[in-house]
2 protein chains.
Amino acid sequence: MRCMDNELSSNVVADDPMEQMICFDLYAASQAFTRVYKPLLEPLGLTYPQYLVMLNLWSDAPLTVGEIGRRVSLESNTLTPLIKRLQEADLVTRRRDPADERRVVVGLTPRGHALSEQAAHVPSCILQATGMEPVELADLQRRLRGLTSRMLTYNNK
Amino acid sequence: MRCMDNELSSNVVADDPMEQMICFDLYAASQAFTRVYKPLLEPLGLTYPQYLVMLNLWSDAPLTVGEIGRRVSLESNTLTPLIKRLQEADLVTRRRDPADERRVVVGLTPRGHALSEQAAHVPSCILQATGMEPVELADLQRRLRGLTSRMLTYNNK
DNA sequence: GACTTTTATATCGTACACGATTTAATCGCT
DNA sequence: AGCGATTAAATCGTGTACGATATAAAAGTC
């Protein structure tokens, strides 16, 4: 679907070019979270994307690279080096799935498993940092998911 | 300020490790925007961060690297190479400010200025892709800014 | 007026993102 | 069974992000 300009076009550009950009607000919010996560994750030696991968492994290890990718919305081109860094840090193991040699199964080392305890306090810290009630947060999440879904639909038309 | 776990801690980790992560929803929404912007910006030869810089120049050129950085929340370590790529593409000029030789002033070339016309339809396309009314969008932006502000405040305590 | 501090940019190293391509294994079809 | 299509990872190249450091100019201090 091509975008057709309409009578609203002249109103969407404000004096301040950043003022009306919803995308920029999303970006800024995302960066703000990154900054709050950083000091919490630094003692664990994890970056935020690495933390997302570890969260899934703590919950459901072992997982294939592809399954991890579906959960965190990343593909092997990003995940492979990331997981190799986790392996270097002796947090995860990587081996080919004997049942399907195309797959690589990622598991936790004892050190990787143990790290979950040090990370247990992170979610509550983040919740506190938002300064929002869980109900209010859930509403915002619902709106964001709706927006994301509509954006992706638009893109596929 | 250190984060103290409280009685809610046990509720913030759901079965699905991704389910309750507001940060991930922000990331996903941001990525969805990137995907909608991409086909719109590709004909212009711009990436999304480059587009943000050009938006500010179209509005207020010439600008120093620092001023651009304040507007798009990036620093010289990211901006310098980005702006050099815009210069390679003959869209912007870079020169030291004679009044203060520390500053680098970024201006538009004729080609850079002309590109604004090709980009004029982008904001209305994005608005259409959100599938939201401007009022509704403004409300979401207000919430996001409040959240961002609280997160950054938390981080500085 | 030399000296310290601050400011503005640039450089460097590490770590994502992601499109495009490659490689190898498995699947599907006849 | 053979073989083209599909799938799962990995690899490659480009472009952000960003902490740490470097460099040079300007501002502040005695």
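Protein chains get the first letters and strands the later ones, always in sequence-line order, with residue 1 at the start of each. Worth saying up front: this structure is predicted, and the values here are computed from it rather than measured.
No donor-acceptor pair under 3.5 Å is formed between the side chain of A:R95 and the backbone N or O of A:V105.
Across all strands shown, A:T78 has heavy atoms under 4.0 Å from base atoms, whether or not it also approaches the sugar-phosphate. Counting any heavy atom pair closer than 4.0 Å across all strands shown, B:L82 reaches sugar-phosphate atoms only and no base atom. Within the 4.0 angstrom heavy-atom criterion, no nucleotide atom of any strand lies near A:T34. At a threshold of 4.0 angstrom between heavy atoms, the contacts of A:R35 with the nucleic acid are absent. Within 4.0 Å (heavy atoms only), B:R70 reaches no atom of the nucleic acid at all.
At the phosphate of D:dA9, OP1 or OP2 sits under 4.0 Å from a side-chain N or O atom of A:T64. The side chain of B:R85 contributes an N or O atom lying less than 4.0 Å from OP1 or OP2 of D:dT16. Considering only side-chain N and O atoms, A:K38 lies nowhere under 4.0 angstrom from the phosphate OP1 or OP2 of D:dA17. Regarding contacts with the backbone of D:dT16, a side-chain N or O of B:T47 is found under 4.0 angstrom from either OP1 or OP2. Residue B:R103 places none of its side-chain N or O atoms closer than 4.0 Å to OP1 or OP2 of C:dA10. Considering only side-chain N and O atoms, B:K84 lies under 4.0 angstrom from the phosphate OP1 or OP2 of C:dT11.
Following rounding to the nearest Å, B:Y48 (OH) and C:dC18 (C1') show an atom-to-atom distance of 17 Å. Distance, A:L52 CG to C:dA15 P: 17 Å, rounded to whole Å. The CG-C1' distance, from B:L79 to D:dT16, rounds to 11 Å in whole Å. Put simply, CG on A:L46 is 14 Å from C1' on C:dC16, counting in whole angstrom units. In this structure, CD of A:E75 is placed 11 Å from C1' of D:dA8, rounded to the nearest angstrom. As a whole-Å value, the separation of B:E88 CD from D:dT14 C1' is 13 Å. Rounded to whole angstrom, the span from the CD1 atom of B:I83 across to the P atom of D:dA17 amounts to 13 Å. Taking atom CD on A:Q87 and atom C1' on C:dA15, their separation rounds to 17 Å, with Å as the unit.
Within the structure, ring pair (Phe, Tyr, Trp, His ring centres under 6.0 Å) contacts touching residues 49-104 of chain B (residues at least two apart or in different chains) are B:Y37-B:Y51. Among residues at least two apart or in separate chains, there is no ring pair (Phe, Tyr, Trp, His ring centres under 6.0 Å) pair with a member in residues 64-89 of chain A. Among pairs with a residue in residues 84-104 of chain A, none fulfils ring pair (Phe, Tyr, Trp, His ring centres under 6.0 Å), at least two apart in sequence or across chains.
With sequence neighbours excluded, the residues satisfying side-chain hydrogen bond (donor to acceptor under 3.5 Å, both in side chains) with A:R70 are A:E67. For A:E101, the side-chain contact (heavy atoms from CB on, under 4.5 Å) test picks out A:R96, with sequence neighbours left out.
Crowding of A:Q87 atom CD: a count of heavy atoms from other residues, nucleotides or ligands under 6.0 Å exceeding 12.
In this structure, the separation between CD1 on A:I126 and CE on B:M21 is 7.5 Å, given to the nearest 0.5 Å.
Judged by atom type and distance alone, A:S76 reaches the base of D:dA10 through a side-chain donor-acceptor pair under 3.5 Å.
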Could you list all N or O pairs between the protein and nucleotides 20-28 of chain D that sit under 3.5 Å apart?
residue	atom	partner	partner atom	Å
D:dA26	OP1	B:E101	N	3.0

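Positionally, the nearest nucleotide of DNA chain D for A:V65 lies more toward the 5' end than for the other of A:Y27 and A:V65. Residues A:P49 and B:V105 both approach DNA chain C. Their nearest nucleotides, taken by heavy-atom distance, put B:V105 toward the 5′ side.
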